[in-house]
Amino acid sequence: MAGILRSSSTPKKGYPSQELLDDLCSRFVLNVPSEDLESFERMLFLVEQAHWFYEDNAVEQDSGLKSLSLREFTSLMFRSCDALRPYTAHVDDIYNDFNKYKVRVPVSGAIILDEAYERCLLVKGWKSGASWSFPRGKRNKDEEDHTCAAREVLEETGFNISKLLKVDDFIEVTVGEQRVRLFIVVGAKDDSVFAPQTKKEISEISWHRIDDLQPTYNDVVSRGANGMKLYMVGPFLGPLKSWISKHRPHKTKKSDSSPKGTTSVWKAKNPTVSPPTAIPEMTLTAKPPVLPETQTSELESRPGRSFRSFRMDTASVLRAMEAGWVI
């Protein structure tokens with residue numbers, strides 16, 4: 001396949017073959033709208049999605065492949081994909097600036113309360129030592145906050161909040177440079193079923209008594225009664241308790257009958273070896289990924305970004321795309 005750099009060297013043990021990298025480049029980098037090739041931020045979001053696919057599918061199905069950090073994977077993709085190769089010398093600057101950009105993309109999610117207004121649903125990240133948070137995620141380009149919240153909550157918990165969400169009931173805080181808006185959703189029943197729809201993102205979903213959660217002081221990681229990390233929970237606890245005091249119906253005032261402590265409703269099992277299956281064939285008509293919005297004007301005004309004088313050569317990338325489909 002033209003348009004993709006091929007290497008005759010044998011990959012290091014455990015690393016993806018050139019054939020696999022070719023497929024990932026074609027699938028996630030070349031088969032996208034031209035607007036997604038106009039900035040490094042949006043290009044890196046494509047590489048990140050390729051990384052997720054590699055980890056969730058290729059590594060899981062081939063025990064000989066090693067899990068790679070996003071930085072390692074990004075470096076491999078830049079060296080292997082013809083559309084990215086001209087910028088290999090600047091990959092460290094591009095990667096570092098991308099990470100700083102990601103923490104400024106607006107985030108939306110939901111604080112899901114039980115019918116008694118006494119417990120909230122929290123999710124725990126996948127990696128060892130991960131903190132707990134309300135289900136939430138980055139907003140896609142041109143996506144409304146409430147739409148993003150419903151999508152992210154469904155992905156992380158399997159629970160559809162669309163019919164329960166009220167667009168005016170939300171708490172919004174700014175953490176660092178990132179705006180986080182969480183909609184307050186009431187009415188999840190005790191028998192509601194929760195299970196993430198994504199792989200290797202959520203390790204546990206649990207109900208937690210709000211009174212057992214401690215706020216964050218001085219922007220340091222706060223911990224709950226059981227030592228759980230609550231950095232992304234603490235800033236919302238004060239406003240949440242205030243909202244509950246104003247909106248809790250008289251008939252749902254606190255009672256001793258509600259469950260105590262933490263109640264886990266879903267927990268990831270130990271990884272198991274799945275029967276090997278082929279990675280799905282690339283479909284040219286597949287819907288391209290929707291990427292988070294970019295804030296180019298804000299980024300361009302920031303001084304000191306070493307690679308800002310470089311711009312993606314969109315014309316050459318488009319030529320590589322066109323050549324990529326020629327067998």
Side-chain angles (χ1 to χ4, degrees), residues 107-137 149 152-161 164-166 169-176 178 180-196 201-269:
V107 166
S108 292
I111 300 173
I112 301 175
L113 303 179
D114 65 3
E115 294 179 296
Y117 291 64
E118 293 186 18
R119 298 180 300 161
C120 62
L121 194 75
L122 298 181
V123 298
K124 186 179 182 182
W126 181 263
K127 295 182 180 179
S128 176
S131 61
W132 290 83
S133 69
F134 298 106
R136 79 280 185 269
E152 288 290 343
V153 171
L154 185 63
E155 290 178 4
E156 294 192 356
T157 71
F159 186 69
N160 190 343
I161 62 171
L164 298 174
L165 186 151
K166 297 180 180 179
D169 289 340
F170 64 84
I171 298 172
E172 183 173 298
V173 302
T174 299
V175 181
Q178 189 170 57
V180 183
R181 176 176 293 189
L182 299 181
F183 293 89
I184 301 175
V185 175
V186 183
K189 300 183 181 299
D190 289 339
D191 60 355
S192 297
V193 177
F194 300 96
E201 183 177 356
I202 302 300
S203 64
E204 187 173 357
I205 304 172
S206 298
W207 285 109
H208 296 263
R209 286 182 61 85
I210 298 170
D211 286 345
D212 291 340
L213 303 176
Q214 301 298 320
T216 299
Y217 296 100
N218 299 323
D219 291 329
V220 298
V221 176
S222 62
R223 299 180 183 273
N226 297 321
M228 51 189 288
K229 297 178 181 179
L230 299 170
Y231 175 74
M232 291 302 296
V233 174
F236 294 90
L237 291 177
L240 174 61
K241 291 177 180 179
S242 177
W243 186 93
I244 290 174
S245 67
K246 296 176 182 178
H247 293 81
R248 185 203 307 268
H250 177 74
K251 65 179 180 180
T252 61
K253 284 188 176 179
K254 293 185 179 182
S255 108
D256 294 332
S257 61
S258 63
K260 304 295 182 182
T262 299
T263 304
S264 180
V265 293
W266 184 89
K267 193 169 185 178
K269 298 179 181 178

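All values reported here derive from a predicted model rather than from experimental measurement. What's counted below: heavy atoms across the whole structure, side chains too, no hydrogens, waters or symmetry copies.
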Identify the heavy atoms of W266 and F194 that sit nearest to each other, and give their distance.
CB-O, 3.5 Å

Taking all non-hydrogen atoms of both residues, which atom of H208 and which atom of T262 are closest, and how far apart?
ND1-OG1, 3.3 Å

For D114 against R119, the heavy-atom pair lying closest together:
OD2-NE, 2.9 Å

Residue pair I184, I244: steps toward the side-chain contact (heavy atoms from CB on, under 4.5 Å) verdict
CA-CA 10 Å; I184 301 175; I244 290 174; over 6 Å; no

From CA spacing to verdict: side-chain contact (heavy atoms from CB on, under 4.5 Å), F134, L122
CA-CA 5 Å; F134 298 106; L122 298 181; 3.5 Å; yes

For a quick test of reading the model, state the closest non-hydrogen atom pair linking I161 to A110 and the distance between them.
CD1-CB, 3.7 Å

Non-neighbouring partners of R136 that pass salt bridge (charged side-chain N to carboxylate O under 4.0 Å, His left out), sequence neighbours left out
none

Shortest non-hydrogen contact from V180 to M232?
CG2-CE, 4.4 Å

Residues F159, L164; criterion side-chain contact (heavy atoms from CB on, under 4.5 Å); working and verdict:
CA-CA 11 Å; F159 186 69; L164 298 174; 4.0 Å; yes

Within-4.5 Å side-chain heavy-atom neighbours: Y231 and V175
yes

Here the gap from S242 atom OG to H247 atom NE2, rounded to the nearest 0.5 Å, amounts to 9.0 Å

Looking at residues at least two apart in the chain, or sitting in another chain, which of them share a side chain to side chain contact (heavy atoms under 4.5 Å, CB included) with A149?
S108, L165, F183

If you define the side chain from C-beta out and look only at heavy atoms, does anything of L113 sit under 4.5 Å from W243?
yes

Any side-chain heavy-atom pair of I112 and W207 under 4.5 Å:
yes

Any side-chain heavy atom of V233 sitting closer than 4.5 Å to one from C120?
no

K189: partners by salt bridge (charged side-chain N to carboxylate O under 4.0 Å, His left out), with sequence neighbours left out
E115

Any side-chain heavy atom of L213 within less than 4.5 Å of one from K241?
no

Residues two or more places apart in sequence or in another chain: which of them pass side chain to side chain donor-acceptor pair (under 3.5 Å) with T157?
none

Results of side chain to side chain donor-acceptor pair (under 3.5 Å) for S206 - residues two or more places apart only
E204

Residues that E172 engages under salt bridge (charged side-chain N to carboxylate O under 4.0 Å, His left out), provided they are two or more places apart
R179, R181

